[in-house]
Enquirer: 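Supplied in structure tokens, the structure appears directly below.
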Amino acid sequence: MSPNKIQLRIAAPTGPTKTGRGFYQLDEESLFVQIGLFTEKKHFFNYLENEIVLFDLDRMGQLIFIEVNKAKRHWVIDDNLTAPKNAEVADLRWLNFREQLPSCEIKTDADSQILKIEFKENPEPMYFILSESVIAETDQEHLLTAVWVTSYDEDAGGQHIKRFRRTQRRADSYLD
């Protein structure tokens with residue numbers, strides 16, 4: 001597979017929509033996005049990266065964490081950027097591992113409420129929900145063209161992400 005193409009396998013959903021949330025770390029000037037809960041059975045296994053973005057994948061090829069290492073003040077402001085409204089629930093699996101992500105542009109709306117990691121312009125996008133606030137955009141061949149983070153919190157010292165993880169662990173323990 002060419003390093004300029006990230007292939008996804010898209011299937012019917014196999015469970016409920018995962019929790020997910022973005023946290024812009026003010027002290028590090030990086031955005032961290034957790035997708036689902038990390039457990040001993042569900043943890044980092046592989047990655048895809050470029051000079052700005054890192055995607056962590058579990059052993060099943062599901063995206064579990066995104067890191068954007070570009071300060072918010074350098075994100076491109078697009079006054080017309082709005083989050084996709086027609087996203088479908090699906091089970092997405094990344095088929096590439098340990099490869100270079102294509103270069104990308106980091107875009108945000110005028111209010112800095114949403115983020116788009118754009119790898120390639122896509123005139124006929126298809127949208128798939130990865131978590132409550134993360135959407136994958138693909139072309140008709142299921143090649144990744146963008147990832148959307150539809151909401152995130154500003155965080156200092158990792159306090160918000162720590163509370164999010166604690167809340168998720170408690171919710172998961174009630175299900176056991």
Side-chain angles (χ1 to χ4, degrees), residues 4-25 29-37 47-58 61-96 99-155 160-161 164 168:
N4 294 323
K5 296 180 181 180
I6 302 301
Q7 182 73 49
L8 300 175
R9 188 181 80 220
I10 302 170
T14 57
T17 301
K18 296 176 191 160
T19 57
R21 189 86 182 142
F23 300 92
Y24 184 78
Q25 301 301 316
E29 296 189 307
S30 295
L31 179 70
F32 298 148
V33 183
Q34 184 169 332
I35 301 168
L37 178 65
Y47 63 89
L48 294 166
E49 66 181 336
N50 65 22
E51 65 281 352
I52 299 171
V53 176
L54 170 70
F55 290 161
D56 285 341
L57 309 166
D58 69 9
Q62 293 181 311
L63 184 64
I64 60 172
F65 196 80
I66 301 168
E67 186 173 337
V68 177
N69 290 305
K70 188 171 192 173
K72 189 193 286 194
R73 67 182 176 277
H74 298 299
W75 297 355
V76 175
I77 296 172
D78 181 342
D79 294 326
N80 298 318
L81 194 66
T82 57
K85 302 261 188 272
N86 57 343
E88 299 177 35
V89 177
D91 178 16
L92 271 71
R93 306 295 170 114
W94 265 245
L95 300 180
N96 308 75
E99 289 189 24
Q100 187 76 20
L101 282 172
S103 59
C104 61
E105 189 167 36
I106 308 299
K107 295 181 176 182
T108 191
D109 61 333
D111 298 325
S112 296
Q113 298 296 307
I114 60 174
L115 174 93
K116 181 180 184 187
I117 304 167
E118 185 177 74
F119 297 103
K120 176 179 144 185
E121 284 191 32
N122 187 351
E124 297 181 38
M126 296 169 53
Y127 301 108
F128 300 97
I129 297 170
L130 296 174
S131 77
E132 294 165 346
S133 62
V134 182
I135 297 172
E137 175 184 309
T138 73
D139 62 14
Q140 301 298 316
E141 297 174 348
H142 296 173
L143 297 174
L144 183 69
T145 57
V147 172
W148 294 77
V149 179
T150 59
S151 65
Y152 62 90
D153 296 327
E154 289 193 348
D155 194 4
H160 290 267
I161 196 168
F164 173 79
Q168 295 308 305

Enquirer: Check this for me: does any side-chain nitrogen of one of D139 and K120 sit under 4.0 Å from a carboxylate oxygen of the other?
Expert: yes
Enquirer: As an exercise, state the distance from CG of D155 to CG of L31, rounded to the nearest 0.5 Å.
Expert: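 So the CG of D155 and the CG of L31 are separated by 10.5 Å.
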Enquirer: With heavy-atom distances below 4.5 Å as the criterion, would you say the side chains of L143 and Q7 are in contact?
Expert: yes
Enquirer: Closest approach of A110 and D79, non-hydrogen atoms and distance?
Expert: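 Looking at all heavy atoms of both residues, the closest pair is CB-OD1, 3.4 Å.
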Enquirer: Do the ring planes of Y24 and Y152 sit parallel (below 30°), tilted (30 to 60°) or perpendicular (above 60°)?
Expert: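 Because their plane-to-plane angle lies in the 30° to 60° range, the rings of Y24 and Y152 count as tilted.
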Enquirer: Do F128 and L8 have side chains that approach each other closer than 4.5 Å (heavy atoms only, starting at C-beta)?
Expert: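 Side chain of F128 against side chain of L8, heavy atoms only: no contact under 4.5 Å found.
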Enquirer: Report, as yes or no, whether the 6.0 Å neighbourhood of atom NZ on K70 holds more than 12 heavy atoms from other residues, nucleotides or ligands.
Expert: yes
Enquirer: Could you tell me which residues satisfy side chain to side chain contact (heavy atoms under 4.5 Å, CB included) with Q140, sequence neighbours excluded, listed by chain and number?
Expert: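 If we apply the side chain to side chain contact (heavy atoms under 4.5 Å, CB included) test to Q140, skipping adjacent residues, the hits are E124, M126.
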Enquirer: Could you tell me which residues satisfy side-chain hydrogen bond (donor to acceptor under 3.5 Å, both in side chains) with K107, sequence neighbours excluded, listed by chain and number?
Expert: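 K107: side-chain hydrogen bond (donor to acceptor under 3.5 Å, both in side chains) contacts with E118.
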Enquirer: For E67, what residues pass the salt bridge (Lys or Arg N to Asp or Glu O under 4.0 Å) criterion, not counting sequence neighbours?
Expert: none
Enquirer: If every non-hydrogen atom of G20 is compared with every non-hydrogen atom of S131, which pair is closest and at what distance?
Expert: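 What the structure gives for the nearest pair is CA-OG, 3.5 Å.
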Enquirer: Using only atom types and a distance under 3.5 Å, with no angle test, would you say the side chain of Q34 pairs donor to acceptor with the backbone of G36?
Expert: yes
Enquirer: Measure the acute angle between the ring planes of F32 and F65, then classify it against the limits of 30° and 60° as parallel, tilted or perpendicular.
Expert: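 Answer is tilted, since the angle falls between 30° and 60°.
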Enquirer: Tell me the closest heavy-atom pair linking T150 and I114, and the distance in Å.
Expert: O-CG2, 3.3 Å
Enquirer: Which pair of heavy atoms, one from N50 and one from S103, lies closest together, and at what distance?
Expert: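 Shortest heavy-atom separation between N50 and S103 comes out as ND2-CA, 3.9 Å.
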Enquirer: Can you list the residues that meet the salt bridge (Lys or Arg N to Asp or Glu O under 4.0 Å) rule with E29, with sequence neighbours excluded?
Expert: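 Listed in chain order: R73.
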Enquirer: I'd like to check D56 versus Y47 (side-chain heavy atoms, cut-off strictly below 4.5 Å). Are they in contact?
Expert: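 Answer yes - side chains close enough.
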Enquirer: To the nearest 0.5 Å, what is the distance between CD (E105) and CD1 (I52)?
Expert: 9.0 Å
Enquirer: Determine whether W148 and L81 make a side-chain contact, defined as any pair of heavy atoms from C-beta on separated by less than 4.5 Å.
Expert: yes
Enquirer: Measure the OG1-NZ distance between T145 and K116 for me, rounded to the nearest 0.5 Å.
Expert: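 Between atom OG1 of T145 and atom NZ of K116 there are 7.0 Å.
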Enquirer: My understanding is that only residues two or more places apart in sequence, or in another chain, count here; which of them pass salt bridge (Lys or Arg N to Asp or Glu O under 4.0 Å) with E154?
Expert: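 Testing E154 for salt bridge (Lys or Arg N to Asp or Glu O under 4.0 Å), a comparison that skips the adjacent residues, returns K72.
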Enquirer: For the OG1 atom of T14 and the CG atom of D91, what is their distance to the nearest 0.5 Å?
Expert: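 Taking OG1 in T14 and CG in D91, the distance rounds to 4.0 Å.
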Enquirer: Could you tell me the separation between the OH atom of Y127 and the OG1 atom of T138, rounded to the nearest 0.5 Å?
Expert: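 It is 9.5 Å, given to the nearest 0.5 Å.
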Enquirer: Supply the atom-to-atom distance L57 CG to L95 CG, rounded to the nearest 0.5 angstrom.
Expert: 10.5 Å
Enquirer: Quick one: salt bridge (Lys or Arg N to Asp or Glu O under 4.0 Å) partners of D153, sequence neighbours excluded?
Expert: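 So D153 forms a salt bridge (Lys or Arg N to Asp or Glu O under 4.0 Å) with R21.
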Enquirer: Closest heavy-atom contact between S133 and G22?
Expert: OG-N, 4.3 Å
Enquirer: Are I106 and V53 packed together at the side-chain level, in the sense that at least one heavy-atom pair is separated by less than 4.5 angstrom?
Expert: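 Yes - at least one pair of side-chain heavy atoms lies under 4.5 Å apart.
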Enquirer: For a 4.5 angstrom cut-off between non-hydrogen side-chain atoms, does K18 reach E132?
Expert: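 Not in contact.
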Enquirer: Less than 4.5 Å apart, side chain to side chain, heavy atoms only: is that true for W94 and L144?
Expert: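 Of all side-chain heavy-atom pairs linking L144 with W94, at least one is under 4.5 Å.
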Enquirer: Please determine whether side-chain contact (heavy atoms from CB on, under 4.5 Å) holds for the pair V89 and T17, giving the CA-CA distance in whole Å, both sets of side-chain angles, and the decisive distance to 0.1 Å.
Expert: CA-CA 7 Å; V89 177; T17 301; 4.2 Å; yes
Enquirer: For I66, which of L115, L130, L54, V33 qualifies under side chain to side chain contact (heavy atoms under 4.5 Å, CB included)?
Expert: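 Per the side chain to side chain contact (heavy atoms under 4.5 Å, CB included) rule, the option paired with I66 is V33, out of L115, L130, L54, V33.
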Enquirer: If only side-chain N and O atoms count, and only distance matters, is there a donor-acceptor pair under 3.5 Å linking S30 with Q25?
Expert: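 Judged by distance alone, the side chains do not pair up.
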